[in-house]
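I have placed the structure first, in the form of structure tokens, so that the comments after it can refer back to it.
A, B, ... follow the sequence lines: proteins, then strands. Residue 1 opens every chain. Please read these numbers as outputs of a predicted model, since none were measured by experiment.
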There are 2 protein chains.
Amino acid sequence: MGLNIKDIAKLAGVSPATVSRVINETGNVAEEKKQRVLKVLKETGYKPNALARGLLLNKTNVIGVIVPDLSNINFAEFVKGIENEAKLNGLGVLLTTSENDTDSEISYFQLFKEKRVDGIIFSGTIFTEKHREELEKADIPFIVFGQWFEHYKLICVNIDNEKAAYEATKYLISKGAKNLSMIMGPLWDRSAGYDRYSGFLKAVVEGGISPKDVVLEEGDFTIKSGYRAMKRILEKKNVDGVLAANDFMALGAIKYLVDMGMMIPDEVQIMGFDDNMISEIYNPSLSTVKINFYEAGRICVKAFVDRINNKPIENNILLPYELVIRGSTK
Amino acid sequence: MGLNIKDIAKLAGVSPATVSRVINETGNVAEEKKQRVLKVLKETGYKPNALARGLLLNKTNVIGVIVPDLSNINFAEFVKGIENEAKLNGLGVLLTTSENDTDSEISYFQLFKEKRVDGIIFSGTIFTEKHREELEKADIPFIVFGQWFEHYKLICVNIDNEKAAYEATKYLISKGAKNLSMIMGPLWDRSAGYDRYSGFLKAVVEGGISPKDVVLEEGDFTIKSGYRAMKRILEKKNVDGVLAANDFMALGAIKYLVDMGMMIPDEVQIMGFDDNMISEIYNPSLSTVKINFYEAGRICVKAFVDRINNKPIENNILLPYELVIRGSTK
DNA sequence: CACTCTCTTGAAAAGCTTTTCTTGAAATAA
DNA sequence: TTATTTCAAGAAAAGCTTTTCAAGAGAGTG
């Protein structure tokens with residue numbers, strides 16, 4: 001209870017410096033004294049105070065993590081990946097959720113600065129100039145997931161959303177879809193929603209379809225918004241191919257189509273983005289662009305570790321993705 | 001960059017003690033000096049070093065959290081609840097995942113001790129005597145979620161699993177199920193799996209059904225294990241009512257029944273435990289015992305806060321639950 | 001035998017904050 | 001004017017660890 005290194009030193013009949021040397025395996029210690037110290041260490045279950053250590057070494061072995069919402073299984077997977085990789089590197093994870101509220105996010109920067117975390121992994125829907133400013137003040141190594149943001153200090157980890165959306169749309173067209181539509185996410189600059197939209201458009205044009213003939217509706221990445229967007233789309237036109245900017249909206253769209261008695265994929269093909277557990281087991285199962293969020297989390301931590309170890313490292317890290325074809329497309 | 005309280009003091013022309021008094025709003029400070037300090041504080045964006053503060057005050061305002069797996073949406077919700085309530089109380093959350101590995105869990109106790117967290121919220125499938133021992137050594141306020149464990153120092157937060165399983169089974173019987181079966185979880189002592197099994201059995205006996213006529217199969221809480229368990233059950237007997245110890249196994253069971261062309265709920269009624277997003281949108285939707293994991297997380301933090309504030313508090317806290325009837329039962 | 005080198009070990013400082021103790025000044029009362 | 005009280009603010013200690021510096025002992029070499 002409340003033992004410190006002095007107590008251990010006294011119990012082992014040595015100086016605190018020697019105890020420290022034994023614990024951290026630094027410097028030479030006579031075998032006999034070493035054994036005495038180890039014995040006391042074991043008996044007492046003493047653990048060095050990370051606060052004092054951190055204060056002295058200016059290093060906490062903790063990374064701060066900001067995600068929008070753990071209810072979203074993708075972010076839960078992301079955090080899981082972070083946690084597992086952090087564990088491998090002897091790092092602790094200080095977790096916060098922002099619900100995409102910028103003020104919250106900024107206040108977390110402050111929190112992390114106070115707690116002297118060694119680095120921050122940030123995953124919000126949008127990283128703004130204001131974020132950058134505050135970040136600059138805090139001056140902590142920083143990893144952004146899911147968005148590109150040009151800054152020499154920033155490491156960005158992301159997939160090539162435009163290319164992925166392009167390929168997904170190409171696939172729909174190759175399977176005979178002629179009347180295309182897209183359920184888009186919010187179109188912030190440089191956001192995933194935006195990039196996916198432009199990839200979609202690129203494939204449309206390349207497929208010889210006029211952008212005017214395409215139906216666009218916007219959702220907010222939730223199942224419900226997908227349901228409603230699909231409704232609006234069908235009211236405008238009888239489409240036969242739908243790309244949704246994420247799986248939740250795609251699932252909502254499927255639900256609406258099923259409710260309306262449409263045949264999937266015979267009458268309408270539909271494709272999502274992200275891939276989560278539900279997409280696989282849903283009926284019909286959903287074709288999608290699979291992003292490995294777990295792996296993404298691990299990669300973020302690896303990038304951070306490399307950076308603080310001064311290993312040469314790209315500022316923009318591209319994640320792999322994969323088209324997964326299931327029951328909602330031909 | 002790297003400013004400390006002395007620098008601030010110098011910039012404002014006062015002593016560090018005065019700066020501290022301004023920041024913490026303790027003691028009297030002349031208005032003029034106070035303004036000077038506040039101005040410097042704002043300009044520099046200085047934040048006190050939580051390590052030094054924690055070292056001195058012996059308090060970090062951080063709680064350690066151990067959950068088995070964030071891939072499980074229930075635990076993700078649980079953590080979300082913890083995080084949100086922690087935020088309200090000015091607490092940080094140090095998150096770890098154990099994958100139900102006892103050694104990992106114990107090593108996290110050590111980590112938390114090193115980091116001097118103010119408390120630990122533990123949610124594993126099983127809390128053993130070994131856990132208790134290590135815990136005793138660490139001597140940190142401790143909350144256990146999802147299991148009862150008699151110990152004067154421990155706060156346990158849980159639902160009455162036996163009662164809930166009893167009621168769920170009663171419901172199946174009341175809707176005409178006569179050939180009952182249960183897909184159980186692992187039967188560790190005092191675990192949720194065990195309590196749910198005994199509640200099931202109680203209702204069976206009370207319903208005038210012989211325990212011999214009941215088909216029992218064990219799973220491991222995953223979808224796949226539910227699928228396989230349902231297969232084994234049907235090979236033994238044509239049942240018309242199934243209680244699964246959690247939703248994932250229930251969903252796996254439904255999947256198997258659908259694959260076999262059985263009608264739900266006409267031929268077989270099925271009921272799960274927990275309630276998660278998938279259960280609601282699955283086809284058919286799953287009747288279940290709804291546990292509010294988000295709220296559970298909040299309650300754990302509240303209990304912790306009350307405990308360290310020396311408010312009188314129950315050592316065993318009972319969570320509410322609710323029977324949610326959907327498409328998989330009559 | 002004298003000298004140098006290596007190996008051990010302890011003392012002390014640094015890292016940053018909060019709080020107690022003290023002192024000085026100002027204000028009030030006699 | 002003198003004595004007493006109140007307020008303001010600084011100095012210093014405590015909290016715990018790691019590392020540098022210095023010193024002492026022992027071994028090896030000429």
Within the structure, does a side-chain N or O atom of B:Asn49 lie under 4.0 Å from either OP1 or OP2 of C:dC16? no
Heavy-atom side-chain contact between [X] and [Y] under 4.5 Å:
X	Y	value
B:Pro141	B:Asp118	no
B:Glu114	A:Arg53	yes
A:His131	A:Phe109	yes

Hey, what are the protein-to-nucleotides 11-14 of chain C N/O distances that come in under 3.5 Å?
none

Could you list, one pair per line, each protein nitrogen or oxygen that sits under 3.5 Å from a nitrogen or oxygen of nucleotides 5-8 of chain D, together with the distance?
{"residue": "D:dA8", "atom": "OP2", "partner": "B:Asn28", "partner atom": "ND2", "Å": "3.1"}

B:Gln35 and side-chain hydrogen bond (donor to acceptor under 3.5 Å, both in side chains): which partner among B:Glu32, B:Lys33, B:Glu31? B:Glu31
Just the rounded figure in Å: distance from P of D:dG15 to CG of A:Leu3. 14 Å
Nearest whole angstrom, please: distance from the C1' of C:dT17 to the CG of B:Asn61. 14 Å
Terminal axes of the helix from C:dC1-D:dG30 to C:dA30-D:dT1 (five pairs each): angle between them, nearest 10 degrees: 50°
Closer than 4.0 angstrom, basic N to acidic O: yes or no for [X] and [Y]?
X	Y	answer
B:Glu133	B:Lys137	no
A:Asp139	A:Lys113	no
B:Lys130	B:Glu134	no
B:Arg132	B:Glu129	yes

Nearest to the side chain of B:Ile5 - C:dG10, C:dT18, C:dG15? C:dT18
Between D:dT17, C:dT18, C:dC16, which nucleotide gets closest to the side-chain atoms of A:Arg53? D:dT17
What about the rings of B:Phe145 and B:Phe78, do their centers lie closer together than 6.0 Å? yes
Students often get this wrong, so: under 4.0 angstrom with heavy atoms, is [X] touching a base, only sugar-phosphate, or nothing?
X	value
B:Thr18	sugar-phosphate
A:Asn24	sugar-phosphate
B:Leu57	sugar-phosphate

Evaluate whether atom CD of A:Glu99 has more than 12 neighbouring non-hydrogen atoms of other residues, nucleotides or ligands under 6.0 angstrom away. yes
Taking the nucleotide of DNA chain D with the nearest heavy atom to each, does B:Glu31 or B:Asn58 sit closer to the 5' end? B:Glu31
